[in-house]
There are 2 protein chains.
Amino acid sequence: MVLRTATKIRRPRRSTRKTEQIPTPAIRRLSLYLRQLEVVLGSERRTVSSRQLGEALGLSDAQVRKDLAYFGQFGHPGIGYRVDELIQRVRRILGTDKNWNVLLVGAGNLGRALMSYRGFAKKGFHIAAVFDTDRELIGKRVDAAQKLTVQPMEEMAATIVKRSIQLGVLAVPADSAQKVADRMVEAGIRGILNFAPITLRQDVCAMAAVDLSVHLEQLSFQLRGAGA
Amino acid sequence: MVLRTATKIRRPRRSTRKTEQIPTPAIRRLSLYLRQLEVVLGSERRTVSSRQLGEALGLSDAQVRKDLAYFGQFGHPGIGYRVDELIQRVRRILGTDKNWNVLLVGAGNLGRALMSYRGFAKKGFHIAAVFDTDRELIGKRVDAAQKLTVQPMEEMAATIVKRSIQLGVLAVPADSAQKVADRMVEAGIRGILNFAPITLRQDVCAMAAVDLSVHLEQLSFQLRGAGA
DNA sequence: TTTTGTGAATTGCTTCACAGCA
DNA sequence: TGCTGTGAAGCAATTCACAAAA
């Protein structure tokens, strides 16, 4: 019986879900498989092999098969995977077989761009409400279709219930991001996609993050020392 | 009937190259360390321990120490890491101790939002030119500061030389992304940050990708089955 | 044939645990 | 005491390679 764990910081994700045996990278790749399958659906091909999928995504065929097999037996030996069937199955797994209402916090430059981003709706994510703390923005219609009015933060909890919202997109400056995220969780949000360039600590809420600069830094790292 | 390969010789794998000693995830985390160090720099603290850094980022102290040690001996036993010193060192490693000129292709909604995104300049990435294929947009000033004029693709190669550009941001629709990426590489771009929701195949060019919907899908996956 | 699904082998990454230094 | 840097240990992810299926 070891007692010295008292001072240790808690270890990352350790849950008893059945998904625990599935590698996290496999779950990330599932989205890529779906994306590629939708491309294949646009062609005449009705089936696709693990090799073909892998080639398009820069992965080995074994990787593709193993990843998909974590979630069930979707393939047909000698044939491959039936495109429409696999799309349905993967959507089901990812939870995107149904539409999601999403709210957005932050109606600045980035927030407004996200509002008009078609890719979200294509995948079944609908921005159903927009919030901001800036009193100048509240009440204004800011989206391209002029359908969304910027609401004050106070209305968030009620709107979440009314529109059955579970997911939120956070596009506010870094220095207020943690506070805003806390308010979102309080108001009932269960998952946050964070665009602020800062790591948010949230225990009870699923988190995903996109830091635009970080990706440029990774490119910079790869090119460092290269001739101009 | 294929004979069982009882005499199979297991060939030892080619020895790993020295440049591959550093785990890819460690390189990704380096950007996060830098980001957090810049937060700490805003406080009065002059030093920070691996434990403190880790806590802020959801990582173990051992992870932080090991990651940083891949790149050199930056710490001081009993003290921790000197914030300003480590910031300089990490910037140097990432290549962001100097400014980078970046070009943007695609002056649509997302492209225009990226132009006005302050985060890039803060990290030393300056959008120095904007390109689009849309004849209606060419010649127009589209950024907030009204300093950038949308140029035709034909001018890309010359501009790249003139402004010493190595990095490009790609914000065009998925169906033209591969073609545009090829043209960028032809024109001399060495690294591409791709926002189009499609996997691009490029052998001679460093690639990074951001698919906004994919991150929402990951959240959807984590919440699937949760009560509405 | 072609191609899946899957244990086994292998590679890669993270955590442990402690010597050594301030 | 506090904290880093680092081999060794442990765990996670990927690749291999082949039986089975079409």
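Just so you know, these numbers come straight off a predicted model, no measurement behind them. Side-chain atoms are counted along with the backbone in the values below, which use heavy atoms only and exclude waters and symmetry mates. Proteins get letters first, then strands, A, B, ... in listed order; numbering begins at 1 in each.
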task: Can you run down the side-chain hydrogen bond (donor to acceptor under 3.5 Å, both in side chains) pairs that involve residues 73-84 of chain A, sequence neighbours left out, and say none if there aren't any?
output: A:His76-A:Glu85

statement: Residues passing the side-chain hydrogen bond (donor to acceptor under 3.5 Å, both in side chains) test with B:Arg35, sequence neighbours excluded, are A:Thr199, A:Asp211

- prompt: For the pair made of OH in A:Tyr70 and P in D:dT15, what is the distance, rounded to whole Å?
  reply: 11 Å

Value in whole Å for how far the C1' atom of D:dT14 lies from CG of A:Asp67: 9 Å

- prompt: Between the main-chain N or O of B:Ile198 and the side-chain N or O of B:Asn194, is there a donor-acceptor pair closer than 3.5 Å?
  reply: yes

task: Could you pull out all residues at least two apart from A:Phe74 that satisfy ring pair (Phe, Tyr, Trp, His ring centres under 6.0 Å)?
output: none

field: Inter-residue atom distance B:Ser50.OG - B:Leu68.CG, 0.5 Å rounding
entry: 8.5 Å

statement: Residues in residues 38-56 of chain A with a heavy atom under 4.0 Å of DNA chain C, by number, are A:Ser49, A:Ser50

message: Please determine whether the number of non-hydrogen atoms from other residues, nucleotides or ligands lying under 6.0 Å from atom CZ of B:Arg29 exceeds 12.
response: yes

query: From D:dT15, C:dG5, D:dT14, pick the nucleotide closest to the side chain of A:Arg29?
result: D:dT14

message: Tell me the bend of the helix from C:dT1-D:dA22 to C:dA22-D:dT1 as the angle between end helix axes, each from five pairs, rounded to the nearest 10 degrees.
response: 10°

message: At less than 4.0 Å, is any side-chain N or O atom of A:Gln63 found next to OP1 or OP2 of D:dA13? Yes or no.
response: no

field: B:Arg89 CZ - D:dG5 C1' separation (whole Å)
entry: 14 Å

message: Could you tell me how far apart B:Gln21 (CD) and D:dT6 (C1') are, to the nearest whole angstrom?
response: 14 Å

task: Measure from the side chain of B:Pro23, starting at C-beta and using heavy atoms only, and say which of C:dC13, D:dT15, D:dT14 lies closest.
output: C:dC13

message: Check whether A:Gln52 reaches the backbone of A:Ser49 with its side chain - one donor and one acceptor, N or O, closer than 3.5 Å.
response: yes

message: Tell me the interatomic distance from B:Asp61, atom CG, to D:dC3, atom P, rounded to whole angstroms.
response: 10 Å

- line: Note: contacts of residues 71-84 of chain A with DNA chain C (heavy atom, under 4.0 Å) are A:Gln73, A:Phe74, A:Gly75, A:His76, A:Pro77, A:Gly78, A:Ile79, A:Gly80, A:Tyr81

message: What I'd like to find out is whether the side chain of A:Arg91 reaches to under 4.5 Å of the side chain of A:Glu38, using heavy atoms alone.
response: yes

message: For B:Arg163, is there any backbone N or O sitting under 3.5 Å from a side-chain donor or acceptor partner on B:Asn101?
response: yes

- prompt: Looking only at heavy atoms, which two atoms of A:Arg201 and B:Ala56 are closest? And how far apart?
  reply: CD-O, 3.5 Å

- request: Report yes if some heavy atom in the side chain of A:Ile192 is under 4.5 Å from a heavy atom in the side chain of A:Met207; otherwise report no.
  value: yes

message: Between B:Leu68 and A:Arg65, which residue's closest nucleotide on DNA chain D lies nearer the 5′ terminus?
response: B:Leu68

query: What is the distance from CG of A:Leu59 to C1' of D:dT14, rounded to the nearest Å?
result: 11 Å

